[in-house]
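Notes for the one structure printed next.
Hydrogens, waters and symmetry mates play no part in the numbers below; they use all other heavy atoms, side chains included. Residue numbering restarts at 1 for every chain, and letters A, B, ... go by the order of the sequence lines.
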2 protein chains.
Amino acid sequence: MPKAKKFDELEVLKKAEEVFNKKGYNGTSMDDLVQATGLSRSSIYDTFGDKHGLFLKALGNYQDSQNSAMEGLLAKTDSYKKKIRTIFDYMINDIVTDKSRKGCMMVNANMELNYVDKEVAQMALTTMENMEQQFYTWIKEGQATGEISKKFPAKGLARNLYNNIMGLRVTGRNRPDYDTLREITKISLSLLDQ
Amino acid sequence: MPKAKKFDELEVLKKAEEVFNKKGYNGTSMDDLVQATGLSRSSIYDTFGDKHGLFLKALGNYQDSQNSAMEGLLAKTDSYKKKIRTIFDYMINDIVTDKSRKGCMMVNANMELNYVDKEVAQMALTTMENMEQQFYTWIKEGQATGEISKKFPAKGLARNLYNNIMGLRVTGRNRPDYDTLREITKISLSLLDQ
DNA sequence: GTAACTTTGGAACGATAATTCCAATTATAC
DNA sequence: GTATAATTGGAATTATCGTTCCAAAGTTAC
């Protein structure tokens with residue numbers, strides 16, 4: 001009877017995520033990954049196939065973690081406006097508590113590899129579309145109930161919000177200052193007010 | 001009497017810029033640079049020192065080009081609001097006319113190298129501060145003349161605008177669609193309206 | 001204690017990397 | 001035509017790269 005794998009794959013992915021996020025895909029060597037994960041190269045190749053396979057798995061896992069973390073927070077309120085604000089608060093908090101200010105792996109990977117890696121480009125596009133769709137749903141409902149301003153169409157507002165989040169992910173690496181990011185967000189979210 | 005260098009350094013930097021921007025710093029080999037620039041590796045090393053020196057020079061030249069291009073357009077109007085809109089229009093146009101959708105070299109370099117390259121991180125920070133300062137100056141003057149809304153402080157609005165531009169540089173790589181980017185921008189700039 | 005499997009700690013392999021070196025060619029000034 | 005310098009087209013050097021291989025060690029089930 002074959003023995004189960006001993007190491008925690010999710011834990012390995014988290015470690016890989018961290019080093020890929022700091023140094024970039026091309027800037028990270030297999031030696032770096034061996035050191036960061038604590039596995040031997042044979043185990044890495046056996047489990048993930050190759051460097052690129054590990055990278056894509058780590059990136060998918062990163063996005064799943066982000067989504068799960070936000071979903072946990074979102075369950076706490078029915079207000080669409082508050083849900084939107086919760087997402088922005090989560091992003092800001094993620095930025096300022098990130099001591100090594102390595103930023104968002106999806107954004108970083110997308111900027112580094114968008115041109116040369118179709119799979120990464122597709123994941124980034126899908127992530128954007130999913131999040132815009134979520135914002136769209138909330139804004140549409142919020143506009144229907146009167147909670148959110150109807151000054152602009154829901155789709156435009158949704159895309160604008162996502163655009164703002166992408167901005168935070170970039171400017172937050174230059175200057176991960178809580179008050180600054182909060183003010184930027186306050187101004188952006190004022191567009192939802194009646 | 002020493003002979004002058006024969007090749008056009010600015011032209012070489014432009015070619016280097018393009019390949020670095022598509023493949024990233026670490027994803028670009030010296031062979032790639034030889035092919036892209038048309039120079040031999042001896043000429044590259046003699047002129048730029050090393051790969052990293054060429055990269056920093058290309059990045060600086062890229063930012064100078066962006067600044068020059070915008071300055072040319074800005075001279076055409078005295079209206080602060082129009083100046084701001086001109087910058088956004090320039091960014092959108094830059095994004096949609098970029099056939100290879102390689103994006104902004106400063107953003108790409110910053111996302112790839114911010115953690116490992118202090119010089120790149122510093123250049124990105126300086127670029128952000130300079131542009132925020134420029135927006136701040138215009139917004140402050142515009143608020144004084146009544147052209148721009150005083151609902152939010154000038155500094156906050158300036159940072160919010162820069163944040164939006166960073167967002168465009170990321171989302172514009174996923175989806176370089178003119179109408180979408182214009183709508184996002186229209187909503188963002190509505191914050192300046194009375 | 002044994003069988004079966006996972007994992008290790010490298011070494012080996014083939015390739016690519018950045019940088020230096022060098023003889024030859026080309027270009028320019030006089 | 002000559003002197004001087006720039007540039008070329010690689011080769012050489014040294015190192016690192018991603019991936020495969022392998023004997024040995026460790027772990028688990030029976």
So that I can tick it off, tell me whether [Y] and [X] are bridged by a salt bridge, with the cut-off set at under 4.0 angstrom between side-chain N and carboxylate O.
X       : Y       : value
A/Arg41 : A/Asp31 : yes
B/Lys14 : B/Glu18 : no
A/Lys57 : A/Glu17 : no
A/Lys83 : A/Asp78 : no

Are OP1 or OP2 of D/dT8 and a side-chain N or O of B/Ser43 less than 4.0 angstrom apart?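 For D/dT8, OP1 or OP2 has a side-chain N or O of B/Ser43 closer than 4.0 Å.
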Whole-Å gap separating [atom2] ([N]) and [atom1] ([X]):
X       : N      : atom1 : atom2 : value
A/Leu33 : D/dT16 : CG    : P     : 17 Å
A/Gln35 : C/dT8  : CD    : C1'   : 16 Å
A/Asp46 : D/dT19 : CG    : P     : 14 Å
B/Asp8  : D/dT7  : CG    : P     : 12 Å
B/Ile44 : D/dG9  : CD1   : C1'   : 13 Å

Which letter, B, S or -, goes with each nucleotide of nucleotides 13-20 of chain C from 5' to 3', with contact meaning a protein heavy atom under 4.0 Å? ----SSBB
Is the number of heavy atoms from other residues, nucleotides or ligands within 6.0 Å of CZ (B/Phe88) greater than 12?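 Yes, the 6.0 Å shell around CZ holds more than 12 heavy atoms from other groups.
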Pairwise side-chain contact, A/Ile95 with A/Pro176, heavy-atom cut-off 4.5 Å (strictly under):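 In short, these two side chains touch, coming nearer than 4.5 Å.
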